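The next block holds one structure in the form of structure tokens; read it before the comments.
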Amino acid sequence: MSIEANIYKTGVELLSHKEIKSSILNLKSWSTALMDKMMEHESFRLAALRFTDVAPSLRTDDEFMQHLNAYFKDVSGVSNFIGKGIPGQGLLGKVIAPVGRQNIKSMAKTFIAGETLADGIKTFEKLHKEGIACSIDLLGEAVITKAEAESFMQGYHNAIREISAASKTWDTAHYKENDSISHISRANVSIKLSALYEFTSATAHADSKEALCKRMGELLDTAMACEAFINVDVEQYEILPLTLDVFETVLMQEKYKNYPHIGIVCQAYLRDGEKTLKRLINFAQKRGTTFSIRLVKGAYWDYEQAHAEQKNWPCPVFNLKEDTDANYERLTQILIGAFPHVRPCIGSHNARSLANAIELAKEAGLEKADIEFQALFGMANHFRNALRDKGYRVRQYCPVGEFIPGMSYLVRRLLENTANQSFLRMQGQADIDVDTLLKAPIFGHETEHKPVNAFANAAEKDFSLAQNRARAEQALTAFKVRLPLNVGKKTKESISNACPWHTDIKVSHVYCTSLNDTKKAIQTAKTAQATWGALSIEERAQILEKAADICERDWDELFGLQVYEAGKDWVSADADICEAIDFMRYYARQIRTLEGNLQPHSLWGESNKTIYEAKGVAAVIAPWNFPLAISVGMTSAALVTGNAVLYKPAEQTSANGEKMVKIFHEAGVPEDILHFLPGKGAVVGAEIVQHKDTNVIAFTGSRPVGLGILEEAGKLTKGQAHVKKCVIEMGGKNAIIVDSSADLDEAIPGIVHSAFAFQGQKCSACSRVIVIGSAYEPFIDRLKEVVSNLRIGAATHPEFDLNAVIDKTAQEKCEHYIKIGKKDGKLLAHTPLNKGLSGHFVSPHVFTDLKADSKLTTDEVFGPVLAVYTAKNIEEAVSMALDNDYALTGALYSRNPETIDYAKTHFKVGNLYINRGSTGALVGRQPFGGAGLSGTGTKAGGPDYLLHFLEPRVITENTMRRGYAPKDA
Ligand code: NAD
């Protein structure tokens, strides 16, 4: 018989196991009803998944009922889910809420082997008696604090010891505990590396690797003392290189080199899954001691696809389930072929994949005990038992832990069981026959589903890749030797800038443009503009695109400038370069279609046309905090619309500014069109604002300067015959609201990043958090723990969360506000500064209980200072958030659809974010700019931004002559 025929035969046997007639998922009736409903209605499925996720964290019955109503009020089928009709609050709610909670709890119990380790061990013994082996997985919150990582480490140590001790007392196993190589340990614990270290980061690879190797080694010591097995689970693709590196490094250490009771996961949904598997097999040969490889399809499929699309990175997973299935079969063959260098473990709930593995193992001459099958607790028990009855060892992966952190695990299981392409779901459908279920999966049905002609943001560097990290390090080393830089043409007056995070490093001498030279530049620009403005749109657009290409080419130098001159960390530095590239490419696209898209109606006999022309001379005045992106944004908008530009960089980051100007010149912008005018704001800046020949002013910076510019620009200067157009973007005092149903695993890292990344020096940074009701205590407890343990140091080292603020003035301003916080409120947390730092370092501070009129509530600090407040409900929280002159960004963390709707309508800020932090607007996706005293309502990186740099003229022609008019004139 051919192998296909054998696979079919074995598949049919698995599908015909005596337990197949019982419930496929082995769930209790209520849960089964829920699943059925989820499969029938997509809207119900979404609501049920989201509600299940939030339900356990709802602290009161009222909250539970509010959410239930909010999720299911527009969804049919709710009665099957919770009992009778859509429940109300009050008395009925008091009855229904506990029943609902109990139902969800019992569903969770189907997939979670126990709430405590002791409960779990009882379940494992029961399984053992039934002839099933197990592996423990500890559930828990996402690890963001040191205490959480320590608690996981402790949990793993305990789990290893206790399962090991308990399992020694169990009866003889009904499954084979030896394969052709040696003994297989009964005590088996699955670990997640990201849970061992609160700072696990793909970018800070070296630091994470060091910490994780140490901690994994400690767990192995415990495991070796009791001969327990440790399996390293593989999580998101981003940390796969780190996971592999840690696994291989630890296993090669002398102490662990000969230990066989260890394993790792390989994910078949990864396009480079084969490469990973072969790497692991080669490694096993090099090491010389067998370890196990658990082959799975992969659990983060939606996440990986969405994440790659958002980052504009190649998608690491197959888009189609069938390709994953086909890859799984290919990898099964490779894995089985690699025995005895590695032990194959087949983790699947798909009868075809299982039958394929059985037949391949037979063909390769493996004993039944040489291959292990693995399944998730609570899923596909009929296959589990069928395999056991055939004499194979089956191990169930058994999560143990508390209810709330277990929810994300439960939701993943529900998602998997009810997904369209799920084998288990298909198997339950009466109209799907055995032949379809057992059909050999075939590669190559996949098509790229990228939207045609959509603008795509420049892809940020993926620092999980070793070559990108090496490039960053080399760029910084090469840049440092060039310092200090001389910026501008030599003049009498200069400004010296030191590196913010290491003031001994002198970065630049900036020569200030004289008043005379400034005036000359304005004159030259005015004269030259006509020729530039007369170029075709296409010519100017192409110059912008060329400039974007040069930015990509000169990434290393731009990166060095960002890190040394502005104090940007790796990720922020790269993001600023990407944003600059985005502005260039986006505005080049926009200008090509702008005029065509904005034409007025023409009628028979009347032709109307709007012509958009450059305003003339644009003054571009930039801040230091996005030293390339914001300068490029304003400059490229002015240039592509045909204006000449007088560019005045911020004093602190003039070297970045000079580089930008050089890029534009190289790309083809004439020198008499784009002028670099470094110098003091009050001198050079003031001159280009006041000058009669300036037509448009694009400014981004602080409120006092911005309002001052608006005032000056409103005055008519002698000889001026036009109104100056002002595009003014100013500061923010941005609030993030945390609702009682917020997922704190996401809210806390999101808020910490929004408040403290780049030392809080973003106009969009979060400086106020308003926490609603019962979320307050758990929120501040975790926030305190995170902030107290942030790490501060040089920007060249990616493991640091923060470095220094831009200069001494900024440092003193922050310290002043920290004093105010101490006087007006209570200090919740701060990060101690290490000794020996020589720069403008400011310790991040968080305050609570501020008195009503504290300046900390009203003023923009522009540094790492955060204030936390409480509110009774969303109405009060939004009103507090808006009780401020600024209205730039805001954010809400909530899992209540009604609260989210309320915020969308009432939380009126320039950029509102739901369930994410308040920073990181992207060109073309989040057009950016504030309302109130944050700005003039212009949206950088949006479809209407270029209009501010253009003068529209409308021409109407009567085309009727003596009663005749051409129809299309
Ligand atoms: P700033 O106002 O001190 O300086 C901005 C620019 O204005 C600099 O180039 C400066 O030299 C120039 N300038 C100063 N005085 C001037 C004058 N009298 N006439 C003309 N020009 C003058 O701001 P900054 O410290 O560089 O930047 C931080 C501020 O920018 C913060 O308030 C931040 O919120 C804001 N910002 C806003 C946005 C936004 O999009 N809304 C983005 C980034 C930064």
Side-chain angles (χ1 to χ4, degrees), residues 495 497 500 510 512-513 518 565-566 572 576 579 583 619-635 646-654 656-657 676-691 694 697-713 724 726-734 758-767 805-811 813-814 859-863 885-889 909-911 918-921 923 926-942 945:
I495 302 163
N497 290 315
V510 181
C512 302
T513 319
T518 307
E565 192 183 39
S572 310
D576 199 49
E579 191 179 349
F583 275 126
V620 170
I621 303 173
W624 50 265
N625 68 332
F626 288 90
L628 188 66
I630 291 183
S631 291
V632 165
M634 295 189 288
T635 305
L646 310 165
Y647 167 64
K648 158 58 198 100
E651 290 86 325
Q652 299 91 330
T653 54
S654 299
N656 268 279
F676 179 55
L677 305 176
K680 296 210 169 121
V683 182
V684 181
E687 177 58 22
I688 59 177
V689 165
Q690 288 156 11
H691 200 280
T694 299
I697 300 161
F699 166 86
T700 307
S702 65
R703 180 160 123 193
V705 176
L707 295 180
I709 288 176
L710 269 173
E711 196 179 335
E712 280 304 313
K724 290 176 187 168
C726 292
V727 177
I728 305 287
E729 293 300 336
M730 299 173 288
K733 185 73 191 172
N734 312 301
F758 189 43
Q759 299 72 258
Q761 303 171 108
K762 299 181 190 175
C763 54
S764 54
C766 166
S767 55
V805 296
I806 189 74
D807 56 19
K808 196 161 177 17
T809 316
Q811 185 182 18
K813 185 177 172 196
C814 293
D859 296 5
E860 184 187 45
V861 179
F862 221 57
D885 296 340
Y886 294 106
L888 186 51
T889 71
V909 287
N911 287 68
S918 61
T919 60
V923 172
Q926 290 92 27
F928 187 79
L933 285 180
S934 287
T936 46
T938 49
K939 288 284 184 196
Y945 187 71

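In this chain, residues are counted from 1 in sequence order. This is a predicted model, so every value here is computed, not measured. Both counts, for ligands and for their atoms, begin at 1 and track the order of listing.
Considering only heavy atoms from C-beta on, V510 stays 4.5 Å or farther from E651 through its side chain. In this structure, the side chains of K762 and F862 stay at 4.5 Å or more apart for every pair of heavy atoms. Contact of the W624 side chain with the P649 side chain is not registered, since no non-hydrogen atoms from C-beta on lie closer than 4.5 Å. Within the 4.5 Å cutoff, the side chain of N497 has heavy atoms near those of the I495 side chain. The shortest side-chain heavy-atom distance between V684 and P678 does not fall under the 4.5 Å cut-off. V727 is not listed as a side-chain neighbour of I697, based on a closest heavy-atom distance of 4.5 Å or more. Using a 4.5 Å heavy-atom threshold, the side chains of T889 and V909 count as separate.
Nearest to atom 24 (P) of ligand 1 among the protein's heavy atoms is W624 NE1, 3.4 Å. Protein heavy atom at the shortest distance from atom 39 (C) of ligand 1 is C763 SG, 3.4 Å. The single protein non-hydrogen atom nearest to atom 28 (C) of ligand 1 is F862 CE2, 3.6 Å, given as residue, atom name and distance. Of all protein heavy atoms, the one closest to atom 15 (N) of ligand 1 is V705 CG1, 3.6 Å. What sits closest to atom 13 (N) of ligand 1 on the protein, heavy atoms only, is G681 CA, 3.4 Å.
Annotation: S934 places no N or O atom under 3.5 Å from an N or O atom of ligand 1; distance criterion only. Considering both main-chain and side-chain atoms, Q652 never comes within under 3.5 Å of ligand 1 through any nitrogen or oxygen pair. At under 3.5 Å, not a single nitrogen or oxygen of K680, backbone or side chain, sits near a nitrogen or oxygen of ligand 1. Considering backbone and side-chain N/O atoms, R703 never comes within less than 3.5 Å of an N/O atom of ligand 1.
With a heavy-atom cut-off of 4.0 Å, M730 touches ligand 1 through its backbone alone. Of the heavy atoms in K762, none comes closer than 4.0 Å to ligand 1. Heavy atoms from both the backbone and the side chain of T700 come within less than 4.0 Å of ligand 1. The backbone of P649, and not its side chain, has at least one atom closer than 4.0 Å to an atom of ligand 1 (non-hydrogen atoms only; backbone = N, CA, C, O).
Heavy-atom proximity to atom 12 (C) of ligand 1, evaluated over I621, I688, I630, V684, is greatest for I621. Of the candidates S654, S702, G935, the one placing a heavy atom closest to atom 2 (O) of ligand 1 is S702. Nearest residue to atom 29 (C) of ligand 1 from P678, G731, G701, G679 is G701 (criterion: closest heavy atom).
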Item to check | Trace of the salt bridge (charged side-chain N to carboxylate O under 4.0 Å, His left out) decision for D885 with K733 | outcome: CA-CA 8 Å; D885 296 340; K733 185 73 191 172; over 6 Å; no
Item to check | Residues I621, T700; criterion side chain to side chain contact (heavy atoms under 4.5 Å, CB included); working and verdict | outcome: CA-CA 7 Å; I621 303 173; T700 307; over 6 Å; no
Checklist entry - Run the side chain to side chain contact (heavy atoms under 4.5 Å, CB included) check on K939 and F928 step by step: do they pass? => result CA-CA 5 Å; K939 288 284 184 196; F928 187 79; 5.7 Å; no
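Proximity of atom 4 (O) of ligand 1 to the protein is not indicated, since no non-hydrogen protein atom lies closer than 4.0 angstrom.
The ligand atoms of ligand 1 that sit less than 4.0 angstrom from a heavy atom of E860 are 31 (C), 32 (O), 33 (C), 34 (O). Close approach of ligand 1 to G685 (heavy-atom distance below 4.0 Å) involves ligand atoms 19 (N), 20 (C), 21 (N). Heavy-atom contacts of F928 reach the following atoms of ligand 1: 40 (O) (cutoff under 4.0 Å). Against a heavy-atom cut-off of under 4.0 Å, F699 is close to the following atoms of ligand 1: 2 (O), 5 (C), 6 (C), 7 (O). Near P623, meaning under 4.0 Å from one of its heavy atoms, ligand 1 places the atoms 26 (O), 27 (O). Of all atoms in ligand 1, numbered sequentially from 1 with element shown, those under 4.0 Å from a heavy atom of E651 are 10 (C), 11 (O). Per-residue contacts place N625 under 4.0 angstrom from the following atoms of ligand 1 (heavy atoms of the residue considered): 43 (C), 44 (C).
Checked by atom type, the side-chain pair N625/Q761 shows no donor-acceptor distance below 3.5 Å. A side-chain N or O of S631 and one of Y647 form a donor-acceptor pair less than 3.5 Å apart. Between the side chains of E729 and T938, at least one donor-acceptor pair of N or O atoms lies under 3.5 Å.
Between N734 and the choices N911, L888, T919, the side chain to side chain contact (heavy atoms under 4.5 Å, CB included) rule is met once, by L888.
The closest approach between a heavy atom of A686 and any atom of ligand 1 is below 4.0 Å. Taking 4.0 Å as the cut-off, G930 does not count as a neighbour of ligand 1 on heavy-atom distance. Taking 4.0 Å as the cut-off, A622 counts as a neighbour of ligand 1 on heavy-atom distance.
The two residues L710 and C726 make their nearest non-hydrogen contact at CD2-CB, 3.7 Å.
Residues satisfying the ring pair (Phe, Tyr, Trp, His ring centres under 6.0 Å) test with F758, not counting sequence neighbours, are none.
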